[in-house]
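Scroll down for the structure; my scribbles are underneath it.
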Amino acid sequence: MSKRNTNCSIKSHFIRTAIEEDKATGLTPHIVMRFPPEPNGYLHIGHAKSICLNFGLSKNYGGKCYLRLDDTNPTGENITYVEAIKANIKWLGFEWDNEPRYTSDYFGKLYAFAEQLIEKGLAFVCELTPAQMRDYRGSLTAAGSNSPWRDRSSAENLTLFREMKSGQHAEGRYVLRAKIDMASPNMNMRDPVMYRILHQNHYRTGDEWCIYPTYDFSHSLCDALDGVTHSLCSLEFEDHRPLYDWFVQHVHTAHNPRQIEFARLHLSHTVLSKRKLKKLVASGKVCDWSDPRMPTLEGMKRRGYPPVAIRRFCDAIGVAKTDSIVDLALLEHEVRSELNKSAPRVMAVLDPIRLVITNYPPEQEEELSMPKYPNECNSNERRSFTFTHDLYIERSDFHRDPPAKYKRLAVGRWVRLRGGYTVHCDDYTTDDDGRVREVHCHYDPHSLGVKPDGYKVHGVIHWVAKHTAWSAEVRLYEPLFLEEDADFLSEPTLNPHSMRILSDCQLDPSLKEAQGSFQFERLGYFCADSGLSSGGKKIFHRIVALQARTK
RNA sequence: UGGGGCGUCGCCAAGUGGCAAGGCACUGGGUUUUGAUCUCAGUAUUCGUAGGUUCGAAUCCUACCGCCCCAGCCA
């Protein structure tokens, strides 16, 4: 009997194992987790992994999950990011318990904890300059040495720390440090900074504070204050764990959170760090954080990625401690898989040429129809479209010298107009520059809905009646970077074709008022941009192309 | 050369001493009015390497090799 969990939606992994152990021993009967973004940038799919883990696991174990904005550094943090973060989490499909929390709400308590540590002789005010501090810290192989200010009396430390708080000192003049061990092989334990002076306005606390706690000090203690049982973070914090535990151990709190680290997400052909994404925006390589090419949640939303696809993706990639790069194809697979079920079908021609049916009366037209959701057995809704003698077809669906295995139109061949009749190509006309302008065909009036007898049909192509079609702009996207491991390169190569704009596409009339996502048959999934328009034209984004297998 | 981690199929990833799950990608067959979907089948004699323990090792031991992180008053 295998121990493997056969329920495919619940995958076993080391974090689950840890939580289950802690529940089994009675250590943490009620699970509490948190998602702790810093409001100094937008959320991306790497955050989505963390969101799915924290909210997903806590829900799964009947626990709670809080949203805590980790705003300990006023530089770059602001309310716009807070609002975007909240909206993105909701969009992804998660809800946090109670009101959002802010590390800045705990500034008073954290300050009291700091005084507590000073009184216990476990923290001191240091006046080494940053450069001196670096020297005193030692190196990876050499122990550091004690700061000359390390042995001040508690009373003096308290006085100075209160002066720091009351704004009597300039930035950089003093710093509060934990008194741990300058000879520790773990650099994080070499008397780390707990508070620094920053005469900056904080977007929430205004000018109330001019000293701000550092990540290590505030994060562990806020977790403890919130009663967090399992505090997930990424691998680079692994050797901060002793420090995390040190603060919790030496300050009086009611809870003992456990920090567990996992590998952050890397996606092929893109970058997933705030710093690099910021650079892309600042340099104008993309329009903004919501550019459909961006791996931000804003970007993916605009691009038309269904949130459920992102959740399934996060589920599929698993959780481990191995540095890895996940293939973008897996994300695209989840997007297609969802859209295949939910996106209504419609025909649209991106690069139009005319197809004239010579034996179809010019004044005649008829209404044809096809299933709207062919792969959704619960729906038999249909969509209708107009057939006439004058149509648009895709330029790439006609070839003067058809290559081998070409399953489309060429002179002397029959092809099915999707949802309509079969047509036989008789000839074509060209422009002055030699480009094909019009394809001339005759149709088989008995071929509607039946397999024609006596001749071979070379494939099915999409089309739209010229007089019902309307012109719109369609944007095609490709990955932002050429290299698979772009996230690990200092100067990855921007993909020159990351966006291609097609300005005169001919679409089915039903798309005029379109909202949401569609499958443009044989092409891919597309969505209408709610706001953008270009020269009065509506804009559609290609979410993802159809899987293209050429057998 | 200090400390902390990690190495299982092209990409992820289960596996915790009993004879290598699964997904993506790929390849071949079938269905199909989307070269889509769906469907069937195939794809690691081997788990970084080398030794050892054991009836039996990806799992235990030893040594080695490779990769990532840490010397911010960032998170």
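It should be emphasised that the depicted structure is a prediction, and the values quoted were computed from it without experimental measurement.
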Practice task
Determine the Euclidean distance between corresponding C1' atoms of B:G10 and B:U16; express it in Å to zero decimal places.
Solution key: 27 Å
Practice task
Evaluate whether atom CZ of A:Arg264 has more than 12 neighbouring non-hydrogen atoms of other residues, nucleotides or ligands under 6.0 angstrom away.
Solution key: no
Fill in the blank from the handout: Between the CG atom in A:Leu328 and the CD1 atom in A:Ile45, the distance rounded to the nearest 0.5 Å is 8.5 Å
Completion exercise
Side-chain atoms of A:Ser324 come closest, of B:A13, B:U37, B:C70, to B:A13
Practice task
Please confirm whether any donor atom in the side chain of A:Arg416 sits under 3.5 Å from an acceptor in the base of B:U33, or the reverse.
Solution key: yes
Handout entry: Counter-base of B:U49, judged by Watson-Crick or G-U geometry with both distances under 3.5 Å
Key = B:A63
Practice task
Decide if the gap between the ring center of A:Tyr525 and the ring center of A:Phe518 is smaller than 6.0 angstrom.
Solution key: no
Exercise for the section: Would you indicate what A:Gly524 reaches in the nucleic acid, counting non-hydrogen atoms under 4.0 angstrom: base, sugar-phosphate, or nothing? Expected result: nothing
Problem - Base B:U37 paired with A:Arg336 side chain (donor-acceptor, <3.5 Å) - result: no
Exercise for the section: Remember a base hit wins even if backbone is also touched, and classify A:Pro374 as base, sugar-phosphate or nothing at under 4.0 Å, heavy atoms. Expected result: base
Practice task
Indicate, with yes or no, if the rings of A:Tyr212 and A:Phe107 have centres closer together than 6.0 Å.
Solution key: yes
Practice task
Mark yes or no for a side-chain to base donor-acceptor pair under 3.5 Å between A:Gln547 and B:U37, with no hydrogen or angle criteria applied.
Solution key: no
Exercise for the section: Tell me whether B:G72 sits syn or anti, counting syn as a glycosidic angle within 90° of 0. Expected result: syn
Exercise for the section: For residues A:Asp487 and A:Ile325, determine if any side-chain heavy atom of one lies less than 4.5 Å from a side-chain heavy atom of the other. Expected result: no
Handout entry: Distance-only donor-acceptor test, A:Arg408 side-chain atoms vs B:G35 base atoms, 3.5 Å
Key = yes
Exercise for the section: Check whether the ring centres of A:Phe14 and A:Phe262 lie less than 6.0 Å apart, and answer yes or no. Expected result: no
Exercise for the section: Give A:Gly449 one of three labels, base, sugar-phosphate or nothing, depending on what nucleic acid heavy atoms sit under 4.0 Å from its own. Expected result: base
Show me the protein contacts with nucleotides 64-67 of chain B, counting only N or O atoms at under 3.5 Å.
none

Fill in the blank from the handout: Closest of B:U37, B:G5, B:A14 to the A:Arg549 side chain is B:U37
Problem - Pair of N/O donor and acceptor under 3.5 Å linking B:G3 base with A:Asp239 side chain - result: yes
Handout entry: Output field: ring centroids A:Phe520/A:Phe526 closer than 6.0 Å
Key = yes
Exercise for the section: Select one nucleotide: of B:G2, B:C11, B:U34, the one nearest the side-chain heavy atoms of A:Asp327. Expected result: B:C11
Just the table, please: protein N/O against nucleotides 73-75 of chain B N/O, every pair under 3.5 Å.
from	atom 1	to	atom 2	distance (Å)
B:C73	OP1	A:Arg137	NH2	3.3
B:C73	OP2	A:Arg137	NH1	3.2
B:C73	N4	A:Leu128	O	3.0
B:C73	N4	A:Gly172	O	3.2
B:C74	OP2	A:Arg196	NE	3.1
B:C74	OP2	A:Arg196	NH2	3.0
B:C74	O3'	A:Arg196	NH2	3.2
B:A75	OP1	A:Thr72	OG1	2.7
B:A75	OP1	A:Arg196	NH1	3.4
B:A75	OP1	A:Arg196	NH2	2.8
B:A75	OP2	A:Tyr215	N	3.0
B:A75	O3'	A:Asp70	OD2	2.8

Handout entry: Same-atom distance (C1') from B:A71 to B:G2, integer angstrom
Key = 11 Å
Handout entry: Any A:His462 side-chain nitrogen or oxygen under 4.0 Å from OP1 or OP2 of B:U34
Key = no
Exercise for the section: Can you tell me the pairing partner of B:U27 across any strand shown, Watson-Crick or G-U wobble, with both distances under 3.5 angstrom? Expected result: B:A41
Problem - Integer angstrom distance from the C1' of B:A13 to that of B:G23 - result: 8 Å
Exercise for the section: For this output row, return yes or no: ring centroids of A:Trp463 and A:Phe385 closer than 6.0 angstrom. Expected result: yes
Exercise for the section: Please tell me if the side chains of A:His462 and A:Ile393 come closer than 4.5 Å, counting only heavy atoms from C-beta onward. Expected result: no
Handout entry: Charged N-O contact under 4.0 Å between A:Arg137 and A:Asp191
Key = no
